Amino acid sequence: MTSPNDLAWWQKTIAYEVYPKSFYDTAAQGTGTIAGITAKLDYLQALGVGAVWITPCYKSPMVDNGYDVADYYAIDPSFGTMEQMDELIEKGRERGVRMVMDLVFNHTSEQCAWFKESRKSRNNEYADWYIWRDAKEDGSAPTNWRSIFGGSAWEWCEERGQYYLHTFAKQQPDLNWENPEVRKALFDIANFWANKGVGGFRIDAITYIKKPPVFEDGPADGEDGLYPVHAATANQPGILEYLHEFKAKVRDGRDIFMVGEANGVAATELDQWVGADGVFDLLFEFSHMHVPMGEAEIWCRPVTWELTDLKRALAASQKATAANGWYPAFFENHDQPRSTVNFFQCDGPLAAKAKVLGAVLLTMRGTPFLYQGEELGYGNATWKGIGEFDDVQTHAQYDFAKSEGLSDEAALAACTRFSRDNARTPLQWDASENAGFSAARPWLPVHDDYATCNVAAQEADDGSPLLWYRRLASLRLATPALLAGTWRELMEDSEQVLAFERVLGNERVVTLANFSNEPVAYDSELVAGLSLLAASEGIAAPGRLGPLEAVVWG
Ligand code: NOJ
């Protein structure tokens, strides 16, 4: 039996993802700042947060909002200075809130000094730092791979007379991990940040770093004649050797954690990726996200799903991580539409839906990763035209949807539903102008309902999602079974209720979450001998849940 004492600090805390551009602006510029995160440490602490994953804030041309890094050793001036970053790391540490840096190591920005050099010729010092290939005989791209953002994954470079590979946007050339100098440069960067005292790293797009030995065309899966780069390159044999080297040179001997973003790793391979013999401490895998959204490449085709599909995906991840490693539980991040829209097929108030998801997230086994705004019950934003979106992927997706034969309206509707910008609108702090996010006009609009959906209003409302998240966060941190207990699914076949129990010794906690907007009856024996610890709508009784109500018994 594991007790909380056997767990590492990052296994018994709550993690929170900050998208700094949209968190809090202290510079009256319309975009968030590093000092803005420091200013809101109290807010994060009130949510029980001990680890703050900050999406990339390094120097960047911001084609992909920082996931195109030009200089890993500098803070982008739009976010502030290195001194402000050091201050954030230090002030956070003093309070037991550790910063987690996002390492973007599959690719750099085309503005990175390494790439600027690499593109010049085939024999310069950095010539072999990226993935360069000759054109096919007819001058076309080396393979028919489609980048994750849409369009060919190859870009022609006139200067060098070759194509370079970009798994994401063409401004994000892929690094060549085969080259030991590249690996050394990347591990040096990670050590530079680790030495500053951060609590860990989230490693971006890590399953793409190893390319296949032979580059060849694949069968087209869309009207564009292209084949997903993901299918051609994700999780190639040999990738783990690089990652073991990464672990040995960066992670070993430090009290930090590494969480990999790992699209393409199957549950059966988890033991090689996480845990004592693995390379990471935790792995973000996306099987549950794929249930309502489909696979990323064909995202605009309709998906039909039932609650049991979601439950099966979550249960599989829980079971796999019970045996190996540790689960990072999440329903949102900066790449996903809002969870209140994603995970419900019924009508009903967003606040109630957010509380249902919060109950699941904060009582699951693993470390919950909250994403800014999730605790307020955001829905998706309102978009009037494709021109309103900032996200590079959304624009590419719009073009892809059109190439699939969708009308302008249907393509816009698909982007409105799925765009990553839904997660990136500013955090709404109060009812003042610009929702208290900034004294200047924000880079993306605040929600229409910001006057009521904001931190200040929810702090004053006992039934709000924010106070529900705070209450369950405190409950989690004070309840050994929620930190260290086993996980077992209940009511597996129910299409309305997601339910599970957590057990540690004599302590048993049961979560029941009604994803439907109808009242539901269940076998009250499931909670016999337990007391109601929290009920999101105040309707529940033993054996009965209100519409869109979640309860925790223990
Ligand atoms: C995954 C990140 O989460 C996403 O925002 C980014 O666009 C891609 N990786 C490319 O770095």
Side-chain angles (χ1 to χ4, degrees), residues 15-23 53-70 72 76 100-112 115 130-131 145-151 153 155 164-175 177 186 189 201-209 228-230 233-235 258-265 280 282-286 289-290 293 295-297 299 328 330-338 369 371-374 389-397 400 415 418-425 444:
Y16 186 99
E17 183 191 352
V18 164
Y19 198 70
K21 192 169 180 178
S22 299
F23 189 67
W53 157 23
I54 309 172
T55 60
C57 47
Y58 319 100
K59 192 155 191 292
S60 163
M62 300 289 166
V63 170
D64 188 17
N65 278 335
Y67 282 96
D68 45 328
V69 181
Y72 296 85
D76 194 80
V100 174
M101 301 303 284
D102 203 324
L103 296 180
V104 190
F105 281 177
N106 173 66
H107 47 269
T108 68
S109 159
E110 57 167 358
Q111 296 302 320
C112 178
F115 187 72
Y130 293 84
I131 312 287
W145 299 345
R146 180 193 305 116
S147 82
I148 289 183
F149 289 170
E155 184 69 11
Y164 66 85
L165 181 71
H166 57 91
T167 298
F168 296 91
K170 65 177 183 212
Q171 297 89 345
Q172 295 168 298
D174 278 38
L175 283 160
W177 275 66
L186 297 175
I189 290 163
F201 297 111
R202 178 262 187 187
I203 327 274
D204 186 64
I206 199 63
T207 35
Y208 300 109
I209 59 170
V229 69
H230 173 87
T233 68
N235 197 10
M258 300 216 297
V259 51
E261 187 203 25
N263 241 327
V265 175
F280 292 129
L282 313 110
L283 214 59
F284 285 125
E285 54 91 12
F286 293 84
M289 302 307 294
H290 290 153
M293 298 184 68
E295 296 287 336
E297 298 291 335
W299 61 277
F330 76 100
F331 286 128
E332 291 197 9
N333 67 31
H334 64 285
D335 292 332
Q336 314 292 337
R338 290 296 181 173
F369 277 72
Y371 176 70
Q372 65 184 50
E374 187 172 8
F389 292 95
D390 171 89
D391 175 29
V392 58
Q393 183 180 28
T394 305
H395 287 277
Q397 285 178 322
F400 179 72
C415 289
F418 291 109
S419 172
R420 307 193 297 180
D421 276 346
N422 285 306
R424 300 177 179 185
T425 63
L444 281 180

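Whatever order the structure lists them in is the order used to number ligands and atoms, beginning at 1. These numbers come from a predicted model, not from an experiment.
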Can you list everything that forms a ring pair (Phe, Tyr, Trp, His ring centres under 6.0 Å) with Phe389? Sequence neighbours excluded, please. Trp383
Verify, without hydrogens or angle tests, whether Arg424 (side chain) and His334 (backbone) share a donor-acceptor contact under 3.5 angstrom. yes
Does a donor on one side chain and an acceptor on the other come within less than 3.5 Å for Thr167 and Asp174? yes
Can you tell me if Tyr130 and His107 form a side-chain donor-acceptor pair at under 3.5 Å? no
Carboxylate-amine/guanidinium contact Lys21 Asp76, below 4.0 Å: no
Looking only at side chains, do Asn263 and Thr207 share a donor and an acceptor under 3.5 Å apart? no
Once you restrict both partners to nitrogen or oxygen, which atoms of ligand 1 have a protein partner under 3.5 Å, and how far apart are they?
unit_1, atom_1, unit_2, atom_2, d
ligand 1, 3 (O), Arg202, NH2, 3.0
ligand 1, 3 (O), His334, NE2, 2.8
ligand 1, 3 (O), Asp335, OD2, 2.4
ligand 1, 5 (O), His334, NE2, 2.9
ligand 1, 5 (O), Asp335, OD1, 2.7
ligand 1, 5 (O), Asp335, OD2, 3.4
ligand 1, 5 (O), Arg420, NH1, 3.3
ligand 1, 7 (O), Asp64, OD1, 3.3
ligand 1, 7 (O), Asp64, OD2, 2.5
ligand 1, 7 (O), Arg420, NH1, 2.9
ligand 1, 9 (N), Asp204, OD1, 2.9
ligand 1, 9 (N), Asp204, OD2, 3.3
ligand 1, 11 (O), His107, NE2, 2.9
ligand 1, 11 (O), Asp204, OD2, 2.7

